[in-house]
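Keep in mind that the numbers below use all heavy atoms, side chains included, and drop hydrogens, waters and symmetry copies. Source: prediction; values computed, not measured.
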Amino acid sequence: MKVSTCQMTPITSDKKSNMEKMTRFIQEAASEGSDLIVFPELVLTGYNCGDDFFNQAEIIPGKASDYFAEIAKEENIYIIWGMPEEGAEGVLYNAAVLVGPEGYIGKWRKNYLPGHATDTGGDGAFPDRRFFKTGQELQVFQTKIGKIACLICYDIFFPELARLMTLKGADLLVGISGSPKFEKEIFEPIVKVRAMENTIPFLYTNLVGKEGATEYWGGSCVYEAGDVELKVPGYPMISKSSYDKEEIQTVAINMDKKGIRQFFPVLRDLDEKVYLQLLNTVKNY
């Protein structure tokens, strides 16, 4: 299977321009034979919309998903991108959407929200808690290219989410983010660890460049589940984008997980009592 990471610099609150640029990248990925292209968190609108999130958010499925579903059908490709979702009246979610040749498939809502309730974004602060409600659904979607699950930015910091998606049968974990430059040193190793500890391919795409006062570090990458010959999990990293410019990278990825799991049986060695103790401890923490 071929997959594409596409890191982009969105124009704040300009969906038309962002969609036009995304369309060009999708067509480029499709011309290279890609089966899946992944865009970053909130790429449709940018991260610094502030109160304009309430005007920019859309119902999912809706206008944007219909548009990209039609392109996915035309180009025979699966597409994942981030956008603000309009939920119940006055309620917004930080969401990711999956469409494919068969149309709209599903959405994920960001489970863990950084920042403070007073943050509005635009100055490097995370606006999530100011504008968005936490997601609850933890879904894995079946597609013709395999079972796909998605984590949105801060979600990647919580190993329990990636582990749950793996145990639910995901064939590929996708992480999308709008991570600022100051997070690079702590974010990069976590992406690799999520692939290693779950012996699963991990595709990560980040925003890049400057959006207002915020500078993103890009660095999109793809890890395979592991190298059977070397008996090394979460290896190799088969794709790595730059830290400072918009870029699309298309690579062939080995989706096999069984081979490395024979040599690195972290899933076999999971112990139920640990999770039961974790549940009880979290309740009282």
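We find the CD1-CD distance between Ile238 and Glu224 to be 4.0 Å, quoted to the nearest 0.5 Å. To the nearest 0.5 angstrom, Tyr235 atom OH is 8.0 Å from Lys192 atom NZ. Note that CG of Asn48 is 7.5 Å distant from CZ of Phe53, once rounded to the nearest 0.5 Å. Interatomic distance, CG of Leu172 versus SG of Cys150, reported as 9.5 Å (0.5 Å rounding). Atom CZ of Arg194 sits about 10.0 Å away from atom OG1 of Thr166, to the nearest 0.5 Å. Taking CE from Met165 and CD1 from Ile200, the interatomic distance works out to 10.0 Å, rounded to the nearest 0.5 Å.
Residue Ile176 is not grouped with residue Ile190 when hydrophobic side chains (ILVMFWY) are merged at heavy-atom distances under 4.5 angstrom, including chains of intermediate members. A chain of hydrophobic side-chain contacts below 4.5 Å, direct or via other Ile, Leu, Val, Met, Phe, Trp or Tyr residues, connects Met237 to Leu173. Trp217 and Phe202 fall within a single hydrophobic cluster, where Ile, Leu, Val, Met, Phe, Trp and Tyr side chains are chained together by heavy-atom contacts under 4.5 Å. Under a hydrophobic clustering in which Ile, Leu, Val, Met, Phe, Trp and Tyr are joined whenever their side-chain heavy atoms come within less than 4.5 Å, directly or via other members, Ile156 and Val174 fall into different clusters. With hydrophobic clusters built from ILVMFWY side chains whose heavy atoms lie under 4.5 angstrom apart, Phe132 shares a cluster with Leu207.
Heavy-atom contacts from other residues, nucleotides or ligands closer than 6.0 Å to NZ of Lys184 number more than 12. The neighbour count for Glu229 CD, taken as heavy atoms of other residues, nucleotides or ligands under 6.0 Å away, does not exceed 12. Within a 6.0 Å radius of OH in Tyr104, other residues, nucleotides and ligands contribute more than 12 heavy atoms.
Taking 4.0 Å as the cut-off between side-chain N and carboxylate O, Glu188 and Lys240 count as a salt-bridged pair. Ion pairing between a basic and an acidic side chain is recognised when a charged N comes within 4.0 Å of a carboxylate O; Asp244 and Lys181 show no such pairing.
At distances below 3.5 Å, not a single donor-acceptor pair connects side-chain atoms of Trp108 with backbone N or O atoms of Ala149. Between the side chain of Gln7 and the backbone N or O of Ser242, at least one donor-acceptor pair lies under 3.5 Å. Checking side-chain atoms of Glu246 against main-chain N and O of Thr9 turns up a donor-acceptor pair under 3.5 Å. Under a 3.5 Å cut-off, the side chain of Asn206 and the backbone N or O of Ser220 do not form any donor-acceptor pair. In this structure a side-chain-to-backbone donor-acceptor pair under 3.5 Å is missing from Glu75 to Ile26.
Under the 4.5 Å side-chain criterion, counting only non-hydrogen atoms from C-beta, Ile60 is in contact with Met83. No side-chain heavy atom of Ile148 sits less than 4.5 Å from a side-chain heavy atom of Ile105. Residues Cys153 and Lys110 have side chains in contact (heavy-atom distance under 4.5 Å, counting atoms from C-beta outward). Taking 4.5 Å as the limit, every side-chain heavy atom of Val208 sits out of range of all side-chain heavy atoms of Lys245. At a threshold of 4.5 Å between non-hydrogen side-chain atoms, the residues Arg268 and Arg261 do not count as touching. A heavy-atom distance below 4.5 Å is found between the side chains of Arg163 and Leu270. Residues Phe126 and Pro180 form a side-chain contact, since some pair of their non-hydrogen atoms from C-beta on lies under 4.5 Å apart. Residues Leu138 and Lys168 meet the side-chain proximity criterion, which asks for heavy atoms closer than 4.5 Å.
With sequence neighbours excluded, no residue satisfies side-chain contact (heavy atoms from CB on, under 4.5 Å) with Lys73. Residues meeting the ring pair (Phe, Tyr, Trp, His ring centres under 6.0 Å) test with Tyr78, sequence neighbours left out: none. Annotation: ring pair (Phe, Tyr, Trp, His ring centres under 6.0 Å) contacts of Phe187 (sequence neighbours excluded): Phe157, Tyr204. The ring pair (Phe, Tyr, Trp, His ring centres under 6.0 Å) check on Phe68 picks up Trp81, with sequence neighbours excluded. Listed by chain and number, the residues in a ring pair (Phe, Tyr, Trp, His ring centres under 6.0 Å) with Tyr112 are Phe158 (sequence neighbours excluded). For Thr205, there are no side-chain hydrogen bond (donor to acceptor under 3.5 Å, both in side chains) partners at least two apart in sequence or on another chain. Residues satisfying the side-chain hydrogen bond (donor to acceptor under 3.5 Å, both in side chains) test with Lys210, not counting sequence neighbours, are none. Residues satisfying the side-chain contact (heavy atoms from CB on, under 4.5 Å) test with Thr134, not counting sequence neighbours, are Leu113, Gln136.
Nearest heavy-atom pair, Tyr93 versus Gly87, reported as atom, atom and distance to 0.1 Å: CE1-CA, 4.1 Å. Nearest heavy-atom pair across Tyr216 and Gly178 is CE2-O, 3.6 Å. Considering every non-hydrogen atom in both Ala195 and Tyr223, the closest pair reads CB-CB, 4.0 Å. The two residues Ser177 and Pro40 come nearest to each other via the heavy atoms O-CB, 3.5 Å. A pairwise comparison of heavy atoms in Leu36 and Ile77 identifies N-CG1, 3.9 Å as the closest pair. Closest non-hydrogen pair, Phe25 versus Ile37, comes out as O-CD1, 3.7 Å.
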Pair up each side-chain donor or acceptor in residues 10-18 with any protein partner under 3.5 Å, not counting sequence neighbours, and list the distances.
from	atom 1	to	atom 2	distance (Å)
Thr12	OG1	Glu211	OE2	2.6
Ser13	OG	Asp52	OD2	2.7
Asp14	OD1	Ser17	N	3.1
Asp14	OD1	Ser17	OG	3.3
Asp14	OD2	Ser17	OG	2.9
Lys15	NZ	Gln56	O	2.9
Lys15	NZ	Glu58	OE2	2.8
Lys16	NZ	Glu20	OE2	2.8
Asn18	OD1	Ile11	N	2.9
Asn18	ND2	Ile11	O	3.0
Asn18	ND2	Asp14	O	3.1
Asn18	ND2	Leu44	O	2.9

Less than 3.5 Å apart, which donor and acceptor atoms pair up between the side chains of residues 277-285 and the rest of the protein, not counting sequence neighbours?
from	atom 1	to	atom 2	distance (Å)
Asn280	ND2	Leu276	O	3.2
Thr281	OG1	Gln277	O	2.7
Asn284	ND2	Asn280	O	3.0

Extract all donor-acceptor atom pairs below 3.5 Å that involve side chains of residues 251-258 and protein atoms in other chains or at least two apart in sequence.
from	atom 1	to	atom 2	distance (Å)
Asn254	OD1	Asp256	N	3.0
Asp256	OD1	Lys258	N	3.4
Asp256	OD2	Gly259	N	3.3
Lys257	NZ	Asp171	OD1	2.9

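A donor-acceptor contact closer than 3.5 angstrom links the side chains of Tyr47 and Asp128. Checking Tyr67 against Thr23 by side-chain atom types alone, a donor-acceptor pair falls below 3.5 Å. A donor-acceptor contact under 3.5 angstrom links the side chains of Ser34 and Ser4, judged on distance only.
Judged as a side chain to side chain donor-acceptor pair (under 3.5 Å), not a single pair has a partner in residues 144-157 (not counting sequence neighbours).
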